[in-house]
Engineer: 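First, the structure itself, so that you have it in front of you.
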Amino acid sequence: MPDKDSCATNPRTGDVIVEAQGLTKVFANGVKALDDFSLTVCQGEVVVVIGPSGSGKSTFLRCLNGLEEIDAGRIVIDGVELNHSKKNRRAIRTEVGMVFQSFNLFPHMTVLGNINLAQELVRGKTRGDATDTTMALLDKVGMAERADSYPAQLSGGQQQRVAIARALAMHPKVMLFDEATSALDPEVIGEVLGVMADLAREGMTMIVVTHEMGFAREAGDRVVFMEHGAMVEQGPVEPFFDAPAHERTQTFLQQIV
Amino acid sequence: MRQSRVRIRPLDLILIALCIAAGVWFLFLLKERLHYEWNWGAIPRYLFRHDDERGWVPNLLVQGLLTTIRLSLWSIVLATFIGTAMGLARTSKLLFLRLLGQAYVIAIRNVPPLVLIFIFYFFFSEQIMTLLDVDGFIRSRSETTTSVLSWLCAPPATFTHFVSAVLTIAIYEGAYITEIVRSGVESVERGQWEAAWSLGLTPWQRMRAVILPQAMRRIIPPMAGQLISTIKDSAIVSVISVQELTFQAMELTAVTSQTGRASLIFEIWITATAMYLLLTLTCSLIARQLEVRLNRHRA
Ligand SMILES: Nc1ncnc2c1ncn2[C@@H]1O[C@H](COP(=O)(O)OP(=O)(O)OP(=O)(O)O)[C@@H](O)[C@H]1O
Ligand SMILES: [Mg+2]
């Protein structure tokens with residue numbers, strides 16, 4: 001498991017940026033979605049989280065940006081602890097970008113409006129400055145010509161690329177992807193994975209929940225396997241896929257490949 | 001817009017014929033059994049009358065119509081305000097606000113409106129208004145102020161009455177608007193709330209920029225219906241002698257039957273019905289236009 005030292009000694013990565021320790025989350029219905037789960041992520045690292053349905057992958061990501069409250073444990077992101085301080089909580093959700101399975105673009109706004117919104121409201125940018133950033137990002141995800149379209153006029157793949165641009169517009173320190181391609185038609189999955197791989201190459205810190213093992217091998221630095229809200233095994237991509245240590249990991253990998 | 005072609009079937013023809021027959025039978029009964037003499041010629045002078053100094057001025061029925069319009073307008077504005085505030089309270093994170101909104105809705109929806117009218121009327125008109133000396137305040141205003149107030153609301157003599165009636169109707173209709181706003185806000189998918197949250201918007205920014213605009217599309221149609229109901233329901237304040245359309249029609253019915261002239265009961269109430277329909281149908285039409293416009297950007 002990486003710590004301060006291993007983050008610093010790995011030439012690919014910088015300092016520790018996400019520190020989750022002993023996270024436990026019990027839902028009101030008694031389901032224990034996270035059970036003493038810990039993970040440390042270094043700056044610039046791409047961590048792929050896999051695991052069977054219901055193993056707590058989404059819950060983990062949602063806890064990281066405060067969408068769910070943890071019952072026990074500690075989350076520190078870039079030196080800011082996610083505690084009861086309103087200021088900290090807001091700082092963290094502004095610094096952590098999230099991409100959802102169902103895109104969640106705002107349907108009443110154009111692509112431009114979607115991406116400008118938080119830049120203006122949260123970062124206090126002028127309309128002009130925000131639009132400059134937006135257009136640059138849209139160019140990057142290949143959606144520049146669609147700035148004036150409404151979400152309903154776009155394909156799923158296009159919507160998801162816009163959603164990624166929207167999260168990036170806040171200049172987040174960490175990006176979370178929760179099955180970003182699961183709701184997409186097979187033929188457009190590639191265009192979204194391509195954008196994500198580009199981001200990874202540029203050094204964005206990413207925690208990615210996905211079933212796309214090709215992406216994990218190509219763009220991932222480390223794989224984490226979860227089950228029943230706990231970590232079963234983790235390790236660098238190549239050894240993890242080629243020689244998983246745990247029997248449960250082996251079985252799972254056989255099922256999905 | 002989907003529009004299925006209208007096709008008239010034999011059964012439709014039979015039913016239409018039956019309706020016409022029933023109408024004719026009713027007119028026949030009026031004439032033969034009750035010896036009712038139609039006298040539509042008497043109605044216009046209760047709409048407008050000629051004043052020697054001021055020329056043509058509204059008479060009872062049109063005065064009533066104007067009062068109904070003023071009453072409905074102010075009630076609608078206030079009810080929308082109350083309903084939106086209470087509707088948002090019902091979706092609040094704070095238990096106290098949720099309970100407050102819930103108590104309001106339960107209280108209003110489970111008591112007969114007529115009872116509410118009397119309670120509110122007594123409470124507002126007799127207690128609060130007297131306490132605040134609204135009457136004295138109005139009477140001591142300049143002439144321009146009072147004439148503007150008369151035009152917008154009611155003349156000084158009936159001002160407190162009018163305000164009580166507006167408050168009563170607004171509080172009553174507000175409960176229904178509360179539920180419309182609440183269900184509109186709750187109908188916005190969870191993903192929208194979460195996306196706005198993860199972008200760092202404050203709860204208020206999220207409500208204003210993301211949730212309400214989407215809830216609006218779902219709120220407008222039932223809201224328009226409720227506002228039209230407000231126009232109809234405003235008739236209820238005739239029981240506290242606010243001189244709106246229904247009250248004036250009742251007065252006129254009483255007067256015209258007393259003076260020994262042939263009663264005008266059907267002419268009066270058919271005229272009042274037509275006036276209400278004019279108001280409500282116009283509003284429906286406007287609401288329909290608004291809805292079409294709101295849905296324009298949706299694929
Ligand atoms: N809001 C909630 N209330 C109650 N239980 C929940 C809630 N959200 C998730 N759970 C439960 O918590 C457990 C973990 O759910 P989670 O969504 O994190 O799993 P996941 O690994 O993302 O699964 P999937 O691959 O299907 O998305 C599941 O048993 C789920 O039913
Ligand atoms: Mg999930």
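Residue numbering restarts at 1 for every chain, and letters A, B, ... go by the order of the sequence lines.
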Engineer: Among Arg166(A), Met98(A), Met170(A), find the residue that satisfies the side chain to side chain contact (heavy atoms under 4.5 Å, CB included) test when tested with Ser198(B).
Structural biologist: Met98(A)
Engineer: Under 4.5 Å, counting heavy-atom pairs only, tell me which of Ala196(B), Gly200(B), Gly191(B) racks up the most with chain A.
Structural biologist: Gly200(B)
Engineer: For Leu121(A), which atoms come within 4.5 Å of any heavy atom of chain B: side chain, backbone, both, or neither?
Structural biologist: both
Engineer: Which atoms of Arg123(A) come close to chain B, meaning under 4.5 Å heavy atom to heavy atom: side chain ones, backbone ones, both, or neither?
Structural biologist: neither
Engineer: Counting C-beta onward and ignoring hydrogens, is there a side-chain heavy-atom pair between Phe106(A) and Pro213(B) closer than 4.5 Å?
Structural biologist: no
Engineer: If every non-hydrogen atom of Pro107(A) is compared with every non-hydrogen atom of Gln214(B), which pair is closest and at what distance?
Structural biologist: CG-OE1, 3.2 Å
Engineer: Please report the interatomic distance CD1(Ile211(B)) to NE2(His108(A)), rounded to the nearest 0.5 Å.
Structural biologist: 8.5 Å
Engineer: For Arg206(B), which atoms come within 4.5 Å of any heavy atom of chain A: side chain, backbone, both, or neither?
Structural biologist: neither
Engineer: Rounded to the nearest 0.5 Å, how far does CZ of Arg93(A) lie from CD of Glu194(B)?
Structural biologist: 12.0 Å
Engineer: Please say whether more than 12 non-hydrogen atoms of neighbouring residues, nucleotides or ligands are located less than 6.0 Å from CZ in Arg127(A).
Structural biologist: no
Engineer: Could you tell me whether Trp193(B) atom CH2 has more than 12 heavy atoms of other residues or ligands within 6.0 Å of it?
Structural biologist: yes
Engineer: Look up atom CD in Gln205(B) and atom CG in Leu117(A), then write down how far apart they are to the nearest 0.5 Å.
Structural biologist: 8.0 Å
Engineer: Verify the neighbour count for atom CD1 of Ile8(B): are there more than 12 heavy atoms of other residues, nucleotides or ligands below 6.0 Å?
Structural biologist: no
Engineer: Which heavy-atom pair separates Trp197(B) from Leu67(A) by the least distance, and what is that distance?
Structural biologist: CD1-CD2, 3.2 Å
Engineer: What part of Ile92(A) gets closer than 4.5 Å to chain B, counting heavy atoms only: side chain, backbone, both or neither?
Structural biologist: neither
